[in-house]
Enquirer: 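Structure incoming, see below.
Read the numbers this way: they start at 1 and go in the same order the structure lists the ligands and their atoms. All heavy atoms count here, side chains included; hydrogens, waters and symmetry mates do not. By convention here, the first residue in the shown sequence is residue 1.
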Amino acid sequence: MTRKKDKPEPDTEQRASLNLAVEGGEDSAEPKRLVRYFSFTGFFAIIVFTLFLSLFISQQAKNMLLSDNEDYANLVAKYLNRQVSQKFINVILSYGYTSVRLREKFQFELMDRLVRRSIHGFKIDHVNIYDFDGMIIYSTNPNLIETTGQDSEAYKEALEGKSTSTLVTNQGRFGGFGQTRILQTFSPIRRELFDGSEGYVMGVFEIHQDLTDDYAEIVNFQYISILVSLLVMSLLFLVLRQIVKRADKIIEERNAERRRFQEKLHQSERLANLGQMIAAVSHEVRNPLGIISSTAEILRGKLKQYEPDNQLADVIVEESRRLNEIVTEFLDFARPKVPKIATTSLKDVLDKNLYYLSSELEKFGIKVIRRYGGPALIEADPDQLYQAFLNIFLNAIQAMPDGGVINVRTTGVNGRHSNMAEVVISDTGQGIKPETLDKIFNPFFTTKDQGSGLGLSIVKNIITNHKGEIFIEPLHGEGARVIIHLPVKQD
Ligand code: ADP
């Protein structure tokens, strides 16, 4: 059921706040675009930050892996150094050797046993021992023994007593695939003296640790973290987009509401100006009209004596009366009176209206059905209420030129408006078209040849001035229904 509810015009305070809203929301498209812009830049920033963070974290992990393994290699080197110094040297001395000669089978096997036992269980790939000429004199990898040419910086620093580790990346056969990463640690071999202090450098250890798998794990972790972050960020972005979409919708709704308010504000301003003009003109017209009307009455009396059939003066009197009615209606609209509220019987006002209209009702063959119930007394100005109901009844009568039924019903309103009485006036006339329904309360809107279009505007003014409500709706079968809520008399 379509129900057209008429709302009161905004008061001055409302107007002021509306003005602010209108001014504040002028560039409505701007925040909308900004929100979109922020959502995309936000997404971009989050992606960049995520990539940066995962690269940073994996780089940190790589650094930690290197430094841990470096420490590890240094510890192994120290341990080897002790074994060589304490066991190897002492044993060969006890066997009568005066110098280290690893080419000799006994010494080599002793060293090999010692080194292999020492690194057993450690994560060490292989160990080389260099002499001062950069030649490998011992290696856990027999193929490397007696190879020469080591002159790297790390080797030289080890000869000077300093341990250095370097990560060596060997390219695989197929580009990135099969790449190996070896941590190469050069550490001095020192003769440990009897008091436990370190003595002269005897040679250099080279310890190899294969970090390929550990590295691969970190790289995998890096890929996984980037992937997971991208996934989470995409989800976040989708959520953000949803929020932005909703924000867009809300902004759009607000804009539409603002436009409606703006329109209403302009309309009420236009109406206020129009009302002032109408009031001024009507006021000016009324006085000469009164003079014309009374002069015509006198003329009619005089003319009757000489020409009893002459209708000219009657026409002037009749048209002056009609004009006066229009002017009165204009003034009622333009200068609504403040209601003189008193305890009023709803039934009495309605009965008075129907009594006044009885000849009209009879003339058009209209039957009236009254059902009075609900609160008997209301707070209202009986004269203004009479005028409001009169306009509604006249509309109903004009909608039924070939007769029909007017139903008048009064009840109490349940629920929210429990302190309100309800008056329903329905007719079985031509009804209201949907396109008319929207404009029905607009001043000067009329579908009638002789209509002023002010009847319902006046009714609306009167009802809202009574703190009441008015709805008008077409009936499904035929006709229209006007519903009015008015405040009940409080005890
Ligand atoms: P007027 O009666 O001078 O046209 P109103 O403001 O009273 O001015 O009514 C405005 C318009 O509302 C009418 O012209 C008519 O189209 C429509 N209207 C009002 N009441 C009814 C009704 N009971 N049935 C059908 N149409 C109606």
Side-chain angles (χ1 to χ4, degrees), residues 1-9 267-268 270-271 274-275 278-279 282 319 321-336 350 353-354 356-357 360-361 363-370 384-410 422-466 468-485:
M1 177 171 63
T2 344
R3 173 172 273 208
K4 174 139 178 75
K5 181 180 172 182
D6 182 60
K7 289 189 190 119
E9 293 291 335
Q267 200 192 6
S268 63
R270 271 200 309 273
L271 285 180
L274 192 71
I278 289 171
S282 307
E319 288 307 304
R321 189 196 55 77
R322 228 168 60 79
L323 204 55
N324 191 46
E325 266 176 20
I326 293 171
V327 169
T328 310
E329 203 169 34
F330 274 24
L331 278 172
D332 283 344
F333 163 73
R335 284 190 187 155
L350 287 163
N353 277 123
L354 292 168
Y356 173 81
L357 290 168
E360 283 285 296
L361 291 164
K363 187 169 126 196
F364 289 104
I366 296 169
K367 192 180 155 201
V368 177
I369 301 172
R370 301 168 220 219
Q384 286 197 14
L385 217 52
Y386 176 85
Q387 191 194 349
F389 290 147
L390 185 68
N391 288 354
I392 294 167
F393 283 127
L394 284 175
N395 276 340
I397 293 169
Q398 284 157 13
M400 297 184 289
D402 303 323
V405 181
I406 292 179
N407 270 292
V408 185
R409 184 166 54 90
T410 65
E422 185 175 80
V423 184
V424 182
I425 300 171
S426 51
D427 61 64
T428 55
Q430 67 208 21
I432 302 164
K433 292 191 186 119
E435 60 268 26
T436 307
L437 197 66
D438 277 349
K439 302 171 236 158
I440 209 156
F441 287 105
N442 287 357
F444 306 110
F445 172 78
T446 181
T447 55
K448 300 169 193 165
D449 293 340
Q450 296 280 318
S452 67
L454 288 177
L456 286 180
S457 304
I458 293 169
V459 174
K460 183 193 78 176
N461 278 347
I462 292 174
I463 301 300
T464 47
N465 283 346
H466 277 77
E469 293 175 308
I470 177 164
F471 313 98
I472 188 155
E473 57 194 27
L475 287 176
H476 286 307
E478 51 175 9
R481 172 157 54 203
V482 181
I483 300 157
I484 293 170
H485 292 164

Enquirer: Please set out all donor-acceptor pairs under 3.5 angstrom arising from side-chain atoms of residues 391-404, sequence neighbours excluded.
Expert:
residue : atom : partner : partner atom : Å
N391    : ND2  : G455    : O            : 3.2
N395    : OD1  : K448    : NZ           : 2.7
Q398    : OE1  : K448    : NZ           : 2.6

Enquirer: Applying side-chain hydrogen bond (donor to acceptor under 3.5 Å, both in side chains), name anything that partners Q450, two or more places apart in sequence or on another chain.
Expert: R322
Enquirer: Counting neighbours of OH on Y356 that are heavy atoms of other residues, nucleotides or ligands and sit closer than 6.0 Å, is the number greater than 12?
Expert: no
Enquirer: Keeping the roles fixed (side chain from S457, backbone from F441), state whether a donor-acceptor pair exists under 3.5 Å.
Expert: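 Yes, the answer is positive, given that a donor and an acceptor are paired below the 3.5 Å cut-off.
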Enquirer: If a pair satisfies salt bridge (charged side-chain N to carboxylate O under 4.0 Å, His left out) and one of its residues is in residues 324-336, list it, with sequence neighbours excluded.
Expert: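 Output for this query lists R321-E325, D332-K337.
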Enquirer: Checking the side chain of S282 only, and the main-chain atoms of L331 only, is there a donor and an acceptor separated by less than 3.5 Å?
Expert: no
Enquirer: Under 3.5 Å, N/O to N/O: give me all the pairs between ligand 1 and the protein, one per line with atom names and distance.
Expert:
residue  : atom   : partner : partner atom : Å
ligand 1 : 2 (O)  : N395    : OD1          : 3.0
ligand 1 : 2 (O)  : K448    : NZ           : 2.7
ligand 1 : 3 (O)  : S452    : N            : 3.1
ligand 1 : 3 (O)  : G453    : N            : 2.9
ligand 1 : 4 (O)  : T446    : OG1          : 2.6
ligand 1 : 6 (O)  : G455    : N            : 3.4
ligand 1 : 6 (O)  : L456    : N            : 2.8
ligand 1 : 7 (O)  : N395    : OD1          : 3.3
ligand 1 : 7 (O)  : N395    : ND2          : 2.9
ligand 1 : 7 (O)  : L456    : N            : 3.3
ligand 1 : 14 (O) : T446    : OG1          : 3.4
ligand 1 : 14 (O) : T447    : N            : 2.8
ligand 1 : 14 (O) : T447    : OG1          : 3.2
ligand 1 : 16 (O) : T447    : OG1          : 2.4
ligand 1 : 20 (N) : N395    : ND2          : 3.4
ligand 1 : 23 (N) : D427    : OD2          : 2.9

